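Below is one structure; the comments refer to it alone.
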Amino acid sequence: MPVREILGKMIEFDDDGHLKNLNDWNEEIAKELAKEEGIPELTDRHWLVINYMRQEFQKIGDAPSIRKLTKESGVDTKELYQLFPKGPAKKAAKIAGLPKPKGCI
Amino acid sequence: MRKLVILGAGTAGTMMLNKLYNALDLNEWSITIVDKDETHYYQPGFLFIPFGIYNRRDVIKPKRDFFPPGVEVIMSEIDRIEPDKNRVVLANNRVLPYDYLIIATGSRIDPSEIEGMKDKLWYKNVFDFYTIEGACALGNFFKHWEGGKLVIHITEMPIKCPVAPLEFAFLADWYFTERGIRDKVDIHFVTPLPGAFTKPRASAILGDFLEKKNIKLIPDFNIARVDNDEKKIVSWDEIEVPFDVLVTIPTNKGDEAIKRSGMGDELNFIPTDKHTLMAEGFDNIFVLGDATNLPSSKAGSVAHFQSDILFENFMDVIDGRKPSAKFDGHANCFIESGFGKGILIDFNYDTEPLPGKFPLPGIGPFSLLEETKMNHYGKVMFRWMYWNFLLKGVELPIESHMSMAGKRL
Ligand SMILES: Cc1cc2nc3c(=O)[nH]c(=O)nc-3n(C[C@H](O)[C@H](O)[C@H](O)COP(=O)(O)OP(=O)(O)OC[C@H]3O[C@@H](n4cnc5c(N)ncnc54)[C@H](O)[C@@H]3O)c2cc1C
């Protein structure tokens, strides 16, 4: 298991590069993870998506797909791709400290 | 009398019907199967139609050839399932009560999901090959095409037979070489995945094949729309890929009947226990084949491995036991790679495709993740096996659980 230091703390990652332990996550860590994904600053719109993803994960045990995200988070597909370029579902899950969505095989 | 109803008489439903028919006592059981279509399509054959290798007649047979006597066959559209009332309602309002239900309604393409896909260029310069109509239309187009930019495109995952678009690319390379115009055909492979395939090792090896065959890979492309006037596809982050002919795999979805029943996810796939194959939340409904939301490949071979597991669990459940067999996600796919060769992959939920020999360790005759003539014969043989063994529920000499024997780590 890869282990990396973030903000002075040793943190474990899974093979997909997502946080291994949900409990390692906090908002400061999220900001660092976002930088690694090429997002210099997290805006309110980013947080809307991230918080929605964490809620969904707590409810159903899997990060939501893009389809579900756009239907329920109030952010449309176009904006999602602007906020999290390339793969929004995967990227947002990573920053939210969640495992890779199962749908993304 | 106990009542079993099977919805869908495609690959999975037909196979399951024949397996259970041999095991259930017809004095105790009434078995009903429902499908809207009289014709069985051998879908893996659709791949070969655009290149003139197969035609329509090569891939169809009457469904009724595969139904055993004493089974009630209903040719009708299924309107919905009412799982809380243990009954199915058909389009003509006929009601079918059941004690046990097996859902095998498959998946199908829905080009209307993407703006501009099913528009004025549809079946003129924009084609699918996942339907008989699309495959035949594309065959007619290719016959007279003199070259240009061919874009092969996957809209979004999951799709059935996730290797079919790659096979299409390899066969296109071969076909236009045979026709002597390969230098006039510029082939691009555009995918939302980060590489050629879903699993890392196979993705790297298959990516090398693309490169060798001079097929350009454009990964991480999430389509927003098809621009019919300028003949290009545009991604959500505004990357543009122009085409002369677009061969796309549109969004794959479960049947609308699943949506009408309130039993599906966002894509109408049914939440299914990945090991027991029972519909989540129900103790008398099983789901088989492409209709499930399982993270296994949607393929005929997978439906076959599932059918062995479902059979055991069905026998457990009707006798009041807990389902004891566990599906491991086993998939086994021949990948046609052109010029009379093929590649074989074998994998499951936990183990990605690895190199080695199959099914006999060290002997084969098939080679995993390598391009050989023998693998191509395997693919050719598959059609014969499909009609004569698979659909009839006859045992194949391949284990339903994946084996590590013969694989190299
Ligand atoms: C181009 C292509 C290439 C492929 N290549 C391969 C390959 O090489 N190897 C492989 O293993 N697999 C391959 N597959 C995949 C394989 O064909 C499918 O995975 C398999 O057919 C799934 O079986 P199924 O029974 O779940 O669905 P299907 O065979 O599609 O059957 C579903 C049935 O349900 C019926 N139905 C659905 N809804 C309703 C309704 N509302 N009312 C009445 N009837 C309904 C349909 O009419 C249909 O008969 C390929 C598929 C395609 C498209």
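Naming: A, B, ... by sequence-line order, numbering from 1 per chain. This structure is a prediction, so every number in the text was calculated from the model and none was measured.
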ask   = Pick from Asn293(B), Leu267(B), Asp237(B), Ile239(B): which one has the most heavy-atom pairs with chain A under 4.5 Å?
value = Leu267(B)

inquiry  = Are there residues of residues 65-84 of chain A whose heavy atoms fall under 4.5 Å of chain B's heavy atoms? If so, which?
reply    = Ser65(A), Arg67(A), Lys68(A), Thr77(A), Lys78(A), Tyr81(A)

Qualifying residues under side chain to side chain donor-acceptor pair (under 3.5 Å), relative to Lys259(B), sequence neighbours excluded = none

Heavy-atom neighbours of Glu5(A) CD exceed 12 at 6.0 Å = yes

task = Flag yes if more than 12 heavy atoms outside Glu352(B) fall under 6.0 Å of its CD atom; otherwise flag no.
result = yes

